[in-house]
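Read the structure below first, then the notes.
Ligands are counted one by one from 1 in listed order, and the atoms in each one are counted from 1 as well. One-based numbering along the sequence shown.
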Amino acid sequence: MTTTFTIEQATGRSAQEREALLAAPGFGTIFSDHMSRIDWTADGGWHDHRVVGYAPFALDPASAVFHYAQEAFEGLKAYAHADGSVWRFRADVNAERFQRSCRRLGLPELPVEDFLASVDELVTLDQAWVPRGEEQSLYLRPFMFARTAALAVKPSTQVTYAVIASPSGAYFGGSGVVPVDIWFTRSYSRSAPGGTGFAKCGGNYAASMVAQQEAEANGCSQVGFVDATEHQWVEELGGMNLFAVSADGELVTPQLSETILEGVTRGAVLTLVEDAGLSVTERRVSLDELYEGIDSGHFTELFACGTAAVITPVASLKDEDGQHVVSGREPGATTLALRQQLTDIQYGLAEDRHGWMHRIV
Ligand SMILES: *Cc1c(COP(=O)(O)O)cnc(C)c1O
């Protein structure tokens, strides 16, 4: 069953203004002219599917999201191909993860077809905002928040879902592939058993901000987390999953658990690795194993992956006891090859063998 979206076309910015903004989009700082929106009430379910002009929300100061952070979100991209068509990558997987996140947050589940239609309608209307430069894409941010105006702690009976679109370039700035330094924090945990680690929600990010500050104060651009119980098992970064590659071409990545977010990019990397005939193991990896492996030359490459960062080489791991530099900070061949294969599929330059791409326009 597909629900029809009402389209309320906004005046928006002039073509000239748009082109000026698209000339240097940065990451997540400029937004297209419209947004998708669907509202939900406990009594009426999902209703008023629409695409409207991008505009502020009017919210009661007592809205639950401000006080109890009942919120979940997603992140995916639309890519322009050389022939002018625009495609999305594995959005159905995002839609299903969004349902799992919302279930954990006590939010209603949005039907997968509504999620996909909300993205497709917005991208279709705002297709002129899909940037066409190298490594550029239209970053899409679906999100849902609780808006019942009451301070009693209980799941909201009024919820809004929306999608905004941000023309974007590389997440880490600069051009080309920029290796990043990662700070493994001993002070902060991102998630714990029984918590919300597997869900993509604002609360997890709120809890990671001071850890991210700690990373930056130590000269690193990203923070890495270990498990909250034994403080030794590598989980992931603030918003990316982590892989290590050994000198003999074997990959290892922390196995999924309720404390790790299952990245769509992580899943694609696992498939691409198998396609390439390399072997990959999902298992528990301790921080000490990583440190020793890097220092001994066993692990010659580390990379982080996520929709925003694509596949980004890791230059070093650092903590209070010192720094472990990976292969002289040079991006590794396996990392670069996987990144190329993934982006070639996304930008329509390589065959989409796994049916990951879906044409929107
Ligand atoms: C979004 C996110 C990722 C990456 O997931 P993708 O689906 O690949 O973008 C990894 N870790 C966390 C905590 C995230 O929020």
With heavy atoms only and a cut-off of under 4.0 Å, state how Val264 meets ligand 1: side chain, backbone, both or neither. both

Heavy-atom nearest neighbour in the protein, as seen from atom 5 (O) of ligand 1, with distance rounded to 0.1 Å: Gly263 CA, 3.3 Å

Of the options Val163, Asn94, Val93, which is the one that meets Leu76 in a side chain to side chain contact (heavy atoms under 4.5 Å, CB included)? Asn94

Side chain Tyr68, main chain Leu151, donor-acceptor under 3.5 Å: yes

Please check whether Arg266 reaches ligand 1 - meaning an N/O of the residue sits under 3.5 Å from an N/O of the ligand, judged on distance alone. no

Centroid-to-centroid, Phe73 to Tyr205, below 6.0 Å? yes

Nearest-0.5 Å distance that lies between atom CE in Met240 and atom CZ in Phe303: 13.0 Å

Has Glu74 got any heavy atom lying under 4.0 angstrom from an atom of ligand 1? no

Check each atom of ligand 1 against the heavy atoms of Gly306 and keep those under 4.0 Å away; list them by number with element. 4 (C), 8 (O), 9 (O)

Answer with yes or no after comparing the ring centroid distance for Tyr161 and Phe143 against a 6.0 Å cut-off, counting only values under it. no

Glu262 near ligand 1 by a heavy-atom separation under 4.0 Å: no

shortest atom 15 (O) of ligand 1-to-protein heavy-atom contact is with Tyr205 OH, 2.5 Å

Can the ring centroids of His34 and Tyr54 be said to lie less than 6.0 angstrom from one another? no

Look at atom 4 (C) of ligand 1 and say which protein heavy atom is nearest, naming residue and atom and giving the distance to 0.1 Å. Gly239 O, 3.7 Å

The atoms of ligand 1 lying under 4.0 Å from a heavy atom of Arg97, numbered in the order shown, are 5 (O), 6 (P), 7 (O)

For atom 8 (O) of ligand 1, the closest protein heavy atom turns out to be Thr265 OG1, 2.6 Å

Name the option, out of Glu235, Glu236, Arg190, that contains the heavy atom nearest to atom 10 (C) of ligand 1. Glu236

dist Leu237:CG -> Trp183:CH2 (nearest 0.5 Å) comes out at 14.5 Å

Any atom of ligand 1 sitting under 4.0 Å from a heavy atom of Gly75? no

Please verify the inter-ring angle class for Trp46 with Trp40; under 30° counts as parallel, over 60° as perpendicular, anything in between as tilted. tilted

Does a side chain donor of either Thr196 or Arg104 reach within less than 3.5 Å of an acceptor in the other side chain? no

Does a side-chain N-to-carboxylate-O contact under 4.0 Å join Glu262 and Lys200? no

From OG (Ser327) to CD1 (Ile294), nearest 0.5 Å: 9.0 Å

Atoms of ligand 1, numbered as shown, that sit under 4.0 Å from any heavy atom of Thr307: 6 (P), 7 (O), 8 (O), 9 (O)

Could you check atom 2 (C) of ligand 1 against the protein and tell me its nearest heavy-atom contact, residue, atom and distance included? Lys200 NZ, 2.6 Å

Any atom of ligand 1 sitting under 4.0 Å from a heavy atom of Gly238? yes

Tell me which part of Met240 gets within contact of ligand 1: side chain, backbone, both or neither, using heavy atoms under 4.0 Å. backbone

With respect to Asn241, determine whether any N or O atom, backbone or side chain, lies less than 3.5 Å from an N or O atom of ligand 1. no

